[in-house]
Colleague: 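The structure's right below; bear with me while I get my questions together.
Each chain gets a letter, A, B and so on, in the order the sequences are listed, and its residues count up from 1.
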There are 2 protein chains.
Amino acid sequence: MQLSPTAQRFVLHWGEMGTRWGVNRTVAQIHALLFLADRPLNADEIVETLGVARSNVSVSLKELQGWGLVRVVHVMGDRRDHFQTFEDVWDIFRVVVEERKRREIDPTLTVLRDCTLEAESDPMLSDSARRKLQMSLDFMESMAEGYDELKRLPPATLMRLLHFGSKVQRWFGRKDEAPDNERK
Amino acid sequence: MQLSPTAQRFVLHWGEMGTRWGVNRTVAQIHALLFLADRPLNADEIVETLGVARSNVSVSLKELQGWGLVRVVHVMGDRRDHFQTFEDVWDIFRVVVEERKRREIDPTLTVLRDCTLEAESDPMLSDSARRKLQMSLDFMESMAEGYDELKRLPPATLMRLLHFGSKVQRWFGRKDEAPDNERK
DNA sequence: ATTAAATTTCAGAAAAGTCAGAAATTAAAG
DNA sequence: CTTTAATTTCTGACTTTTCTGAAATTTAAT
């Protein structure tokens, strides 16, 4: 499959962004390609379009399936697997957020819970360090909670919520006007 | 400086999380260490505590200063630089979000704007691809907007907002009940 | 100015991550 | 059951990133 220069730029940039967020470049590129494609693509089409090794595509597709971002479909009269991803960016966003929560936030929560518990009876730890560990735990729990909310919202709601941010701020922001930018 | 086992676990885990999100392990570890420390630390104390090379610490500290996460302070009667970070996790969160927006989201917005513009007159591009590019742009713009709101909120407000998520959902969620989980 | 301490730069070693091609496996068709 | 197509696994080469130790530079004190 021949990519238009526009599509090519999109795919390449997405690959770069992937690397910045801890995602393999090829994985991100394949995902971008499937996103733009008008139909499910088979592995060889991806190989041809992106110019990477067949094996690389195979591994990357497995990775994307592991994330729940790509699924296999079949085309009539063709025995090869074909791959597609969501058409709606918001769906992609939600899946990514959900998976990162599961893979990184949740384990971090476990560690933080252990740490705060352990901290109570750790004589080497200062009160202020104890306090900061507790704060980190509270923070992460708020984040996890926020994530869970997020994933329940339908895309349109989410979008409206984001656009609505400034108004929410006006409602909620009244009470704590302390700039609170000073340190230690 | 000798770390308690609890603090050690925290620092090590934070280093691992860093690598998962595209941040250098040492950089993340140093940041975690400064966060837990009761006072500003000098470079040699960091070297000693984390067991990494002096030069590595120097470069990592520069990186952290580049992110606006660490600042240099001086201790009376000591000519060495000492380093500290925010005490409040929410401050850290806001700085990181802000910086990532500036470094990754904004450049992505530029690319997406170019792409959607180019797409209009690109005959190789299907209508559906054009539409998806536009959707991506809209999405990223919403995200950028949301980020900007976020950074203006004082920590306490942000926290309340997150905890309030479920209620917001009930208000906003009424109109679009389409589960909309199907693909292509 | 000279000396000494502190910090940064730099070049290369070490480690981690990425990727291609061959070999092995699986699945389908005849 | 055999043949062939499709896919996956595995190994090693290559690339990039991370990290160290030495040298160079900067900064401060005498």
Side-chain angles (χ1 to χ4, degrees), chain A residues 1 11-34 40-67 70-84 103-104, chain B residues 1 11-12 14-34 39-67 70-84 103-104:
Chain A
M1 207 184 68
V11 169
L12 290 178
H13 179 79
W14 210 244
E16 288 317 309
M17 283 307 105
T19 62
R20 299 255 197 157
W21 291 79
V23 176
N24 180 284
R25 177 182 286 110
T26 313
V27 171
Q29 283 182 359
I30 292 178
H31 184 245
L33 174 61
L34 290 177
L41 303 181
N42 66 55
D44 281 322
E45 288 176 303
I46 298 173
V47 168
E48 194 197 343
T49 311
L50 298 181
V52 294
R54 184 49 235 261
S55 54
N56 196 2
V57 169
S58 174
V59 171
S60 300
L61 282 170
K62 274 274 137 65
E63 170 93 9
L64 283 166
Q65 290 172 65
W67 278 75
V70 162
R71 69 159 54 161
V72 179
V73 295
H74 283 99
V75 174
M76 277 296 284
D78 189 339
R79 57 192 263 199
R80 291 171 301 181
D81 287 348
H82 290 243
F83 304 89
Q84 70 175 183
R103 295 172 188 217
E104 282 120 29
Chain B
M1 209 184 67
V11 168
L12 290 178
W14 209 244
E16 289 316 309
M17 282 307 105
T19 62
R20 298 255 198 158
W21 290 79
V23 176
N24 180 284
R25 177 182 285 111
T26 312
V27 170
Q29 283 183 357
I30 292 179
H31 184 245
L33 175 61
L34 292 177
R39 53 180 176 78
L41 303 181
N42 66 54
D44 280 321
E45 289 177 302
I46 299 172
V47 167
E48 195 196 342
T49 313
L50 298 182
V52 294
R54 181 54 233 259
S55 52
N56 195 2
V57 170
S58 176
V59 171
S60 298
L61 282 169
K62 274 274 137 64
E63 170 92 9
L64 283 166
Q65 291 173 65
W67 277 75
V70 162
R71 70 161 52 160
V72 180
V73 295
H74 284 97
V75 174
M76 277 296 282
D78 190 339
R79 58 192 264 201
R80 292 172 300 181
D81 287 347
H82 290 244
F83 303 90
Q84 72 175 182
R103 295 171 190 220
E104 283 119 30

Colleague: For the residue pair A:Ala28 and A:Gly15, what are the closest heavy atoms and their distance?
Modeller: CB-CA, 3.9 Å
Colleague: List the protein contact pattern of nucleotides 21-30 of chain D with one symbol per nucleotide (5' to 3'): B for base contact, S for sugar-phosphate-only contact, - for none; contact means a heavy-atom distance under 4.0 Å.
Modeller: B-----BS--
Colleague: Roughly how many Å is it from CZ in A:Arg20 to C1' in D:dT17, rounded to a whole number?
Modeller: 14 Å
Colleague: Between A:Asp78 (CG) and D:dA6 (C1'), how many Å, whole number?
Modeller: 10 Å
Colleague: Identify whether any heavy atom of A:Asp44 sits under 4.0 Å from a base atom; if not, whether one sits that close to sugar-phosphate; answer base, sugar-phosphate or nothing.
Modeller: nothing
Colleague: Of all residues at least two apart in sequence or in a different chain, which pass the side chain to side chain donor-acceptor pair (under 3.5 Å) check with A:Trp67?
Modeller: A:Glu63
Colleague: Given atom CD of B:Gln29 and atom C1' of D:dT18, what is their separation to the nearest angstrom?
Modeller: 12 Å
Colleague: Rounding to an integer number of Å, can you tell me how far A:Asn24 CG sits from D:dT17 C1'?
Modeller: 14 Å
Colleague: Looking at residues at least two apart in the chain, or sitting in another chain, which of them share a salt bridge (Lys or Arg N to Asp or Glu O under 4.0 Å) with B:Glu104?
Modeller: A:Arg20, B:Arg100
Colleague: Of all residues at least two apart in sequence or in a different chain, which pass the side chain to side chain donor-acceptor pair (under 3.5 Å) check with B:Glu16?
Modeller: B:Arg25
Colleague: What residues, two or more places apart in sequence or in another chain, satisfy side chain to side chain contact (heavy atoms under 4.5 Å, CB included) together with A:Val75?
Modeller: A:Asp78, A:His82
Colleague: To the nearest Å, give me how far apart CZ (B:Arg25) and P (D:dC19) are.
Modeller: 7 Å
Colleague: Take B:Val11 and B:Gln29, measure what side chain to side chain contact (heavy atoms under 4.5 Å, CB included) needs, and give me the verdict at the end.
Modeller: CA-CA 5 Å; B:Val11 168; B:Gln29 283 183 357; 3.9 Å; yes
Colleague: Side-chain N or O of A:Asn42 versus OP1/OP2 of D:dT7: is the shortest distance under 4.0 Å?
Modeller: no
Colleague: Using a 4.0 Å cut-off to any heavy atom of chain B, which nucleotides of DNA chain C are the first and last in contact, reading 5' to 3'?
Modeller: C:dA4 to C:dT9
Colleague: Of all residues at least two apart in sequence or in a different chain, which pass the salt bridge (Lys or Arg N to Asp or Glu O under 4.0 Å) check with A:Arg79?
Modeller: none
Colleague: What pairs of donor and acceptor atoms, side-chain ones from residues 48-57 of chain A against any protein atom, are under 3.5 angstrom apart with sequence neighbours left out?
Modeller:
unit_1  : atom_1 : unit_2  : atom_2 : d
A:Glu48 : OE1    : A:Met1  : N      : 3.2
A:Thr49 : OG1    : A:Met1  : O      : 3.0
A:Thr49 : OG1    : A:Glu45 : O      : 2.6
A:Asn56 : ND2    : A:Thr26 : OG1    : 3.4

